[in-house]
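Chain letters run A, B, ... following the sequence lines, proteins first and then strands; every chain starts at 1.
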Number of protein chains: 2
Amino acid sequence: MKERVNSKDVAKKAGVSQATVSRVINKYPHIRDTTKEKVLNAINELGFTVDQVARSLNTRKTSTIGLLVGDISNSFFAETSKEIISIARSLGYDVMLSNTDHQSDNLKTSLATLIGKRVDGIIVGSVERFDEQIQTLHDSKFPVILYNTRLASGNCNAVVIDNFKGARIATEHLISLHHKKIAYVTLPLNYSTLYERMEGYKQALADSDIPYDPASVYIGEISTQAIENFIDIIMSSPEKCTAVFAASDQIAIKIMEICKSKKIKVPEDISIIGFDNIDLSRSPFIDLTTISQQHIKMSEIAVHNLVNMIENKDMEEENQNASSVLEPQLIIRGSTKVLDK
Amino acid sequence: MKERVNSKDVAKKAGVSQATVSRVINKYPHIRDTTKEKVLNAINELGFTVDQVARSLNTRKTSTIGLLVGDISNSFFAETSKEIISIARSLGYDVMLSNTDHQSDNLKTSLATLIGKRVDGIIVGSVERFDEQIQTLHDSKFPVILYNTRLASGNCNAVVIDNFKGARIATEHLISLHHKKIAYVTLPLNYSTLYERMEGYKQALADSDIPYDPASVYIGEISTQAIENFIDIIMSSPEKCTAVFAASDQIAIKIMEICKSKKIKVPEDISIIGFDNIDLSRSPFIDLTTISQQHIKMSEIAVHNLVNMIENKDMEEENQNASSVLEPQLIIRGSTKVLDK
DNA sequence: CTGAAAGCGCTAACAC
DNA sequence: GTGTTAGCGCTTTCAG
């Protein structure tokens with residue numbers, strides 16, 4: 001069985017040295033046209049393709065970046081990954097994708113295998129606020145960039161929106177519609193994103209002199225059962241909630257589903273606002289008021305900055321600061337309305 | 001600046017040869033415990049990790065597989081990719097993901113870079129029926145497996161459901177509910193999947209002596225405008241359609257959205273059935289009757305079969321037949337109902 | 001049980 | 001312009 005053809009075979013066939021073949025492949029400027037042609041012909045006839053593994057070994061470059069997301073089946077990550085892959089490709093990089101299932105252990109092993117495979121850089125879409133592995137990686141000058149979340153220390157490049165502000169805007173939107181009892185539903189605050197949104201919610205309440213009521217806040221895993229219970233409570237308390245702010249569109253939609261099953265009308269009985277502006281929230285069946293993360297732009301910047309870091313690795317320290325903070329945007333749709341008394 | 005530490009450094013530090021370090025790393029059985037320990041210590045102290053690129057160069061194995069999908073932001077691919085990545089990882093493989101945007105050109109270049117990077121095998125989620133590139137690849141004995149679609153020639157391993165049967169079941173379901181004018185909406189039939197579904201639809205009609213009416217069939221790109229027009233036509237013709245079979249859940253949902261905007265009630269005014277059973281179709285806001293592709297199982301089988309092909313490459317030809325056909329399943333939800341006359 | 005040496009397929013000085 | 005020669009960091013005979 002014939003094995004793969006390599007540049008040596010090409011060289012022999014073309015009657016030149018292996019180095020010349022290499023030069024042709026890499027489009028070196030000064031090669032006589034006739035020899036270049038000989039080589040190109042040999043390449044075609046033999047069906048030669050460069051072995052990137054071998055090339056990577058001495059160029060110390062794989063032209064591959066690692067992408068770590070919490071859950072690729074979550075629309076937010078699916079949409080951003082698509083963009084990241086597409087931009088990376090346009091810049092000459094392939095993407096190795098890992099799904100961490102939001103488990104710190106998986107992050108660790110994924111990171112290890114990506115580093116082992118010598119990816120040129122890594123983009124991370126979900127890290128817990130106090131994660132040390134990413135911090136260490138960044139400290140070792142390895143090109144990493146976070147998007148969506150960031151580290152509490154702030155010591156790692158990240159592309160995020162101003163989550164604090166976004167949550168404030170969301171809450172203020174409800175307040176401007178005369179809502180006063182506003183519930184908040186969030187996953188645990190391990191991610192900076194969620195932590196900051198929580199703070200923004202509190203701040204907005206404080207700014208309007210609305211007392212913060214722990215009973216109106218759910219922090220935990222988002223199971224149907226748990227949310228049903230929570231909704232029951234906030235809707236039956238003496239001073240019942242008239243609006244809910246959900247820390248993500250996914251959560252908001254879950255809440256809408258539960259409201260539907262309980263015959264609670266949105267927005268008539270309760271206003272709901274989400275966060276992320278995933279594609280689905282625009283659907284007429286959902287029509288969710290939300291805060292846009294500008295997630296497409298976010299992915300775009302993340303890749304560009306990462307590639308920049310990779311390709312200018314030797315540049316000065318300060319240039320390595322590739323963080324950006326995008327502005328959140330309120331997207332008003334049909335799930336929120338003025339509270340009529 | 002200190003460069004990366006390699007196995008030579010470890011060898012020196014441990015006072016052994018590089019070969020021994022390699023043996024330890026690869027868990028060779030016969031090594032004296034004391035030397036093994038020395039090596040392990042050196043590895044830890046130096047923070048050594050294997051350079052997989054160098055390893056791949058002489059083992060001819062990258063432990064990486066390529067995954068090509070049409071559109072990762074499409075739930076079907078997002079959900080299957082998640083499963084594929086997870087199973088691949090459990091079998092020791094990383095995944096390089098490419099998004100083809102359903103463009104044959106992108107498939108071509110993606111294929112080329114994946115091959116160049118020496119992935120051990122490739123999983124393809126969307127190929128056109130008559131694609132030659134995949135055929136060529138398969139003929140060259142490179143491990144490839146298709147899922148979701150297959151080649152018209154049938155000469156490449158594929159894991160699919162019986163799409164013909166699925167479409168027949170879907171159509172028969174509507175017929176069993178006394179619908180007679182049943183529209184069909186599909187993307188162009190370049191994919192085997194869509195081609196076969198179309199055939200199944202026709203067959204079901206024929207089996208019930210319902211004439212096939214081209215005017216009730218839309219084949220083309222799914223734009224809001226186009227579908228709106230189509231709906232207008234089928235709902236206003238003298239003998240108007242009372243049911244629609246959509247070639248995918250995504251299309252079905254699009255139709256539902258348009259119906260909503262036109263105040264056409266589902267399922268009262270029109271029954272709608274989809275195909276795929278993506279997560280969203282289960283949502284109470286959608287509640288779509290559909291055909292399950294068993295896409296999770298499909299992904300699982302695809303990875304297992306591919307890995308099998310990779311790891312038993314030298315086995316007999318016949319064993320390379322790793323195709324499977326899964327059974328479609330009708331999932332009845334709220335978007336279809338008996339036609340009341 | 002362990003070491004020496006060759007080599008995977010390519011690129012990168014350094015000659016000429 | 002082009003060939004020669006070393007490696008990149010690892011694994012793998014082949015000795016001993």
Annotated protein contacts, base or backbone, on nucleotides 8-16 of chain D with a non-hydrogen cut-off under 4.0 Å, one of B, S, - each: BBBBBB---
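Remark: H304(B) engages no residue in a side chain to side chain donor-acceptor pair (under 3.5 Å) (not counting sequence neighbours). Listed by chain and number, the residues in a side chain to side chain donor-acceptor pair (under 3.5 Å) with T64(A) are K117(B) (sequence neighbours excluded). Legend: residues meeting ring pair (Phe, Tyr, Trp, His ring centres under 6.0 Å) with Y93(A), ordered by chain and number and at least two apart, are absent.
Distance alone, capped at 3.5 Å, is enough to place a donor-acceptor pair between the D120(B) side chain and the S63(B) backbone. Checking side-chain atoms of N26(A) against main-chain N and O of Y28(A) turns up no donor-acceptor pair under 3.5 Å. Remark: side-chain polar atoms of T62(A) are paired, donor with acceptor, to backbone N or O of R118(A) under 3.5 angstrom. A distance-only check finds a donor-acceptor pair linking the side chain of N148(B) to the backbone of G125(B) [under 3.5 Å]. At distances below 3.5 Å, at least one donor-acceptor pair connects side-chain atoms of N99(B) with backbone N or O atoms of I72(B).
Taking atom CD1 of I43(A) as the reference point, atom P of dG9(C) lies 16 Å away to the nearest angstrom.
Residues from residues 34-42 of chain A that place a heavy atom under 4.0 Å from any atom of DNA chain D, listed by number: T35(A).
The aromatic rings of H102(B) and F77(B) sit tilted, their planes meeting at an angle between 30° and 60°.
In this structure, the helix from dC1(C)-dG16(D) to dC16(C)-dG1(D) shows an angle of 40° between the axis at its start and the axis at its end, each fitted on 5 base pairs and rounded to 10°.
To the nearest 0.5 Å, atoms OG (S110(A)) and CE (M96(A)) are separated by 11.0 Å.
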